[in-house]
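Proteins get letters first, then strands, A, B, ... in listed order; numbering begins at 1 in each.
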Amino acid sequence: MALRALVGVKRVIDYAVKVRVKPDKTGVVTDGVKHSMNPFCEIAVEEAVRLKEKKIVSEIIAVSCGPQQCQETIRTALAMGADRGIHVDVSAKDSETLGPFQVSKILAALAKKENANMVILGKQAIDDDCNQTGQMTAALLDWPQATFASEVKVEGDKLTVVREIDGGLETISMNLPAVVTADLRLNEPRYATLPNIMKAKKKKIESVKPADLGVDTASRIQILSVEDPPQRQAGVKVETVEDLVSKLKESGCI
Amino acid sequence: MANPLRGEVVKLYKNLLYLGREYPKGEIYFKERLKKAFMKNKDVTDPEKIKELIARGEFVVKEIEALYYLRKYRAMKQRYYEDDPK
C-alpha cells in the first residue's frame with residue numbers, strides 16, 4: 001500500500017496576535033504581524049505524518065497558496081515530517097482576495113497532477129473561518145469527503161472516519177481516494193523543532209503559478225467592510241444592595 | 001575547554017533559545033533566565049554531572065513544547081467550541 005497524501009497548509013496571522021482592523025475597513029493589518037501555520041492545518045499535517053509512520057502513507061506533499069512567505073509555512077510542514085512542498089505562488093495583493101473556491105480548484109488540480117489518494121486539510125482557517133475548502137475540493141474532484149474528523153483509520157482502500165457532529169460522534173466509511181478535514185481533537189501536533197527545521201531545508205519546495213494549473217484566481221467576492229466586534233460595555237460599581245436592586249430593575253434583569 | 005560534551009550543550013542552548021521566541025512572557029524574559037541557568041553550571045566539569053544537566057535541559061524542552069501545545073489547544077477550544085459541555 002502506497003498512498004500519497006496531499007496536505008494543504010495555510011499561512012495565517014498567529015493565533016496569539018491581537019488582530020487589528022485597518023482604518024479604511026478594507027481588511028486587517030498584516031504588515032509586521034507575526035504569522036504562522038493555521039492550527040487546524042498543523043493537525044492535518046500531523047495526521048498525515050502519523051499515517052506515514054504507520055507505513056500507510058508513502059509520501060506527504062505539503063501545499064500552500066499565497067505570497068513568497070508561504071514557503072516558511074511549507075518549511076514548518078516539512079520539519080514536522082512532510083516529504084516535499086509545493087508553493088502555489090500568488091502575489092500578496094491577489095492572495096488577499098484568494099478564497100476557498102480558488103484554493104479548492106488549485107488543490108483539486110494538484111491532487112490530480114500528483115496522483116494523490118488522499119487530501120488532508122484543516123477544517124477551517126482561523127483568519128477567514130470559511131470552512132469550505134475541503135468540501136469544495138471533494139466536490140471538484142468528485143471524491144467522498146470526511147469533514148470534522150476526530151479519528152482516521154485506513155484499512156485496505158477503505159477509510160473509516162469518526163466525525164464530530166452536533167451532540168456526538170458519527171462513524172462513516174468510504175472508499176479512497178477521499179478528502180479529510182481535521183477537527184481539533186484529531187491529534188496533538190508535534191512541535192517543529194530547530195534541528196528539524198534545519199533538516200527540512202534540504203527538502204524540495206517546487207514553485208508553481210495558478211495559471212500553470214489552469215486555475216483562474218479572479219475572485220467573485222467583493223469585501224464591503226471589515227469591522228471590529230462590538231465593544232463590551234463598561235460595568236458600574238454599586239454602593240449598596242438597594243442600588244444594585246434598582247440598577248437591575250432599571251436594566252430589566254429582575 | 002574543548003569538552004567532548006560541549007557540542008551537545010551548545011545544541012541544547014540553541015534549541016532552548018529557539019523555543020524561547022514564542023514564550024508567553026516574552027523572549028527577553030526567557031533569554032535572561034536561560035542564560036542564568038546555563039551560567040550557573042558553567043564550572044561543572046564532571047561528565048556524569050554534565051550529562052545529567054543536559055537531560056534536565058531536554059526535559060525542559062519537552063515541557064515547553066507541551067506548554068505551547070496546550071496553550072494553542074485551549075485558545076482554539078475557547079474560540080470555536082464555546083458551548084461545549086465537556
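Looking at B/Y68, both its backbone and its side chain come within 4.5 Å of chain A, counting heavy atoms on both sides. Both the backbone and the side chain of B/R71 come within less than 4.5 Å of a heavy atom of chain A.
Pairing each heavy atom of B/M76 with each of A/L184, the nearest pair is CB-CD1, 3.7 Å. Between A/L194 and B/K14, the shortest heavy-atom distance links the atoms CD2-O, 3.8 Å.
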Using a 3.5 Å cut-off and no angle test, enumerate the donor-acceptor pairs between side-chain atoms of residues 35-43 of chain A and protein atoms at least two apart in sequence or in another chain.
{"unit_1": "A/H35", "atom_1": "ND1", "unit_2": "A/V33", "atom_2": "O", "d": "2.8"}
{"unit_1": "A/S36", "atom_1": "OG", "unit_2": "A/D14", "atom_2": "OD1", "d": "2.6"}
{"unit_1": "A/N38", "atom_1": "OD1", "unit_2": "A/I126", "atom_2": "N", "d": "3.2"}
{"unit_1": "A/N38", "atom_1": "ND2", "unit_2": "A/Q124", "atom_2": "O", "d": "2.9"}
{"unit_1": "A/E42", "atom_1": "OE1", "unit_2": "B/K72", "atom_2": "NZ", "d": "3.0"}
{"unit_1": "A/E42", "atom_1": "OE2", "unit_2": "B/K72", "atom_2": "NZ", "d": "3.0"}

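Figure legend: B/K62 and A/Y191 shown without cation-pi pairing, the cationic atom not lying both under 6.0 angstrom from the six-membered ring centre and within 45 degrees of its axis. Judged by the 6.0 Å distance and 45° axis criteria, A/R185 is not positioned over the aromatic ring of B/Y73.
Counted within 6.0 Å of NZ on A/K34, heavy atoms from surrounding residues, nucleotides or ligands total more than 12; the atom is thus considered enclosed. Summarising the local packing, CZ of B/R79 is surrounded by more than 12 heavy atoms from other residues, nucleotides or ligands at distances under 6.0 Å. Within 6.0 Å of CD in A/E72 there are 12 or fewer heavy atoms belonging to other residues, nucleotides or ligands. Annotation: B/Q78, atom CD; neighbour count of heavy atoms from other residues, nucleotides and ligands within 6.0 Å does not exceed 12.
With chain B as partner, the option from A/P195, A/A16, A/G167 having the largest number of non-hydrogen pairs under 4.5 angstrom is A/P195.
At a heavy-atom separation below 4.5 angstrom, chain A is approached by B/N15, B/Y18, B/L19, B/E22 within residues 15-44 of chain B.
A/R190 is not listed as a side-chain neighbour of B/Y69, based on a closest heavy-atom distance of 4.5 Å or more.
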